[in-house]
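What you see is a predicted model; the values in this text were computed from it and never measured. Hydrogens, waters and symmetry mates are skipped; everything else that's a heavy atom, side chains included, is used.
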Amino acid sequence: MNTAQLTQSLKQEAKRLGFDFAAVTAALAPDGFSRLDSWVERGFHGEMDYLETRREAYQHPAGVLPAVRSVMMLGMSYHVDVASLPQQPGLGRVARYAWGQGDYHDFLHRKLKQLCRFAREAGDGIAIRGVVDTAPLLEREFAQLAGMGWHAKNTMLINRELGSWFLIAAVLTDAELEIDTPMSTSHCGTCTACLDACPTDAFVEPGTLDATKCISYLTIEHRSPIPIELRSQMGDWILGCDVCQDVCPWNNKAKVSSQEVFQPVEALRPLNLHDLFRMDDDQFRVQFRKTPLWRPKRRGILRNAAITLGNMPSGEGLESLAIGINDDEPLVRGACVWAIGQHLETFGSQAMELLRNRRTIECDADVQTELDLAMQS
């Protein structure tokens, strides 16, 4: 099979497997590495230490597959024709990519294994590796080079048909494939809707995100207490954030996914926060082990849930916070303390009693500080 035939057959197989986009770029050192380097130097990566420790590996895709010559970029829509629900006390929102059945990593990896198996048979034993978003590869950079879309002002990649509601995967191979035309033009124009809508002002400038202020980062990757000045701006987001994508005009008519796996599970749209506080580690593991909610673990999700309850108080919310303030995890206790302290007048004398009782037995320094601040408010 010659280069053209192999390329075409791989693209056809990718489409058969459900990918909405498949295009090829050469394995080269991407220009975006210098931007990544500068971004990390400015500390915008926050607690994502893996970006720092693996920084050099991002210089070339050979860090993922040593003999690589070609990179096939794949895109799959996860967009469903279902609107986001309005804010309601006791309920929390998760980002659209996590509405479906299971973790998209597992789903895409299965597809990539099938595609790689097909490639080895078609390409007479070529070396090939499929990756989603955990390998040191600048996916959006290579996707742009393959013509998948352009880098938007909110740092997302936008495709004319898919908008930004799509997942990116890659297949690296030592086979020489036919190269597609890069996307060289941005079609954002003068629009700044995404920048203007960000609740935490996380965009330093168009195309540059300070992840330490991004709600998606804060609810997933950030493992410490959420900075106090950002908590009230997080609204009711429990996992991720879709604000900058919801307001993007290119997403108004984005193609709807045909994949059943992305159809929303009602229990996740939205999430009942009170149920979370009544789960122990084992129960949380059983329910969320194979979903994106597992990444922040129970302590991270409960931290986020507590902040939402603080932002949207209710009587039942105080009942849940009363459970959380005695949780084994200091991260959870501290967030619950803050949430109770936000609305002492609303919650009444019972709330102050909860804080005082906890203060007499609290041993964690960070939680002690949260308690002192809450009781002074």
Completion exercise
Residues Leu344 and Ala374: closest non-hydrogen pair is CD1-O, 3.5 Å

Exercise for the section: State yes or no: do Val332 and Ile325 share one hydrophobic cluster built from I, L, V, M, F, W and Y residues joined by side-chain heavy-atom distances below 4.5 Å, directly or via other members? Expected result: yes

Problem - Test item: Thr173 and Leu10 side chains (from C-beta on) under 4.5 Å apart, heavy atoms - result: no

Handout entry: Sub-4.5 Å side-chain heavy-atom contact between Asn251 and Asp246
Key = no

Handout entry: Greater than 12 external heavy atoms within 6.0 Å of Asp81's CG
Key = no

Exercise for the section: For the pair Arg55 and Glu41, evaluate salt bridge (charged side-chain N to carboxylate O under 4.0 Å, His left out) and give the outcome as yes or no after the intermediate values. Expected result: CA-CA 11 Å; Arg55 198 190 322 187; Glu41 286 297 323; 2.9 Å; yes

Problem - Side chain to side chain, Thr308 and Trp237, heavy atoms closer than 4.5 Å - result: no

Exercise for the section: Give a yes or no on whether Asp372 atom CG has more than 12 heavy-atom contacts from other residues, nucleotides or ligands under 6.0 Å away. Expected result: yes

Handout entry: Ile158 versus Ala152, closest heavy-atom pair with distance
Key = CD1-CB, 3.4 Å

Handout entry: Spacing of Leu91 atom CG and Leu309 atom CG [to the nearest 0.5 Å]
Key = 9.5 Å

Exercise for the section: May I have all residue pairs that pass ring pair (Phe, Tyr, Trp, His ring centres under 6.0 Å) and include part of residues 280-313, sequence neighbours excluded? Expected result: Phe284-Phe288

Problem - Whether over 12 other heavy atoms sit under 6.0 Å from Glu205 CD - result: yes

Completion exercise
CZ (Phe21) and CE (Met73) are apart, to the nearest 0.5 Å, by 9.0 Å

Handout entry: Crowding at NZ, Lys153 (>12 non-hydrogen neighbours, <6.0 Å)
Key = yes

Problem - Salt bridge flag under 4.0 Å for residues Arg16 and Glu13 - result: yes

Practice task
Is it possible for you to say whether Val204 and Val243 belong to one hydrophobic cluster, with membership spreading through side-chain heavy-atom contacts below 4.5 Å?
Solution key: yes

Exercise for the section: For Asp280, look at atom CG and say whether over 12 heavy atoms of other residues, nucleotides or ligands are found less than 6.0 Å away. Expected result: yes

Problem - Ile307 to Ala335 - nearest heavy-atom pair and separation - result: CG1-CB, 4.5 Å

Exercise for the section: Could you name each residue pair satisfying side chain to side chain donor-acceptor pair (under 3.5 Å) that touches residues 319-335, not counting sequence neighbours? Expected result: His274-Ser320, Arg278-Ser320, Arg298-Asp327, Asn326-Arg358, Arg333-Glu362

Exercise for the section: Output the distance between atom CD1 (Ile340) and atom OG1 (Thr346), rounded to the nearest 0.5 Å. Expected result: 12.5 Å

Problem - Heavy-atom closest contact (Pro264 atom, Val82 atom, distance) - result: CG-CG2, 4.1 Å

Fill in the blank from the handout: Minimal heavy-atom distance between Arg54 and Pro136, with the atoms involved, is NH1-CD, 3.5 Å

Exercise for the section: First locate atom CD of Glu47, then atom OG of Ser224, and finally report the distance between them rounded to the nearest 0.5 Å. Expected result: 3.5 Å

Handout entry: Heavy-atom side-chain proximity of Thr291 to Val265 below 4.5 angstrom
Key = no

Practice task
Any chance you could measure Ile226, atom CD1, to Gln233, atom CD, to the nearest 0.5 Å?
Solution key: 12.0 Å

Practice task
Count the heavy atoms of every other residue, nucleotide or ligand shown that sit under 6.0 Å from CD of Glu353, and state whether that count exceeds 12.
Solution key: no

Practice task
Check whether any side-chain heavy atom of Lys11 sits under 4.5 Å from a side-chain heavy atom of Asp180, and report yes or no.
Solution key: yes

Practice task
Give a yes or no answer on whether the side chain of Ser164 reaches the backbone of Gln245 with a donor-acceptor pair at less than 3.5 Å.
Solution key: no

Handout entry: Candidates Gln259, Lys255, His79, Lys15 - the one meeting side chain to side chain donor-acceptor pair (under 3.5 Å) with Asp20
Key = Lys255

Handout entry: Heavy-atom side-chain contact between Val71 and Leu145 under 4.5 Å
Key = no

Completion exercise
Residues at least two apart in sequence or cross-chain that pass salt bridge (charged side-chain N to carboxylate O under 4.0 Å, His left out) with Glu266, listed by chain then number, are Arg269

Handout entry: Check: Phe33 main-chain N/O paired with Asp37 side-chain donor or acceptor under 3.5 Å
Key = no

Fill in the blank from the handout: Between Phe262 and the options Phe166, Tyr104, Phe107, Trp165, the ring-ring contact (aromatic ring centres under 6.0 Å, His included) test singles out Phe107

Fill in the blank from the handout: Minimal heavy-atom distance between Ala254 and Gly163, with the atoms involved, is CB-N, 4.1 Å

Problem - Leu51 side chain reached by Trp39 side chain, heavy atoms, under 4.5 Å - result: yes

Exercise for the section: Report yes if some heavy atom in the side chain of Glu141 is under 4.5 Å from a heavy atom in the side chain of Arg35; otherwise report no. Expected result: yes

Problem - Any donor-acceptor pair under 3.5 Å from Trp99 side chain to Val94 backbone - result: yes

Handout entry: Distance (rounded to the nearest 0.5 Å) between Asp242 CG and Tyr97 OH
Key = 9.0 Å

Exercise for the section: For Asp49 and Thr53, test the side chains for any donor-to-acceptor distance below 3.5 angstrom and give the result as yes or no. Expected result: no

Handout entry: Any donor-acceptor N or O pair under 3.5 Å, side chains Gln5, Gln8
Key = no

Practice task
Inspect the contact between Arg231 and Glu370 and indicate whether a charged nitrogen and a carboxylate oxygen are less than 4.0 angstrom apart.
Solution key: yes

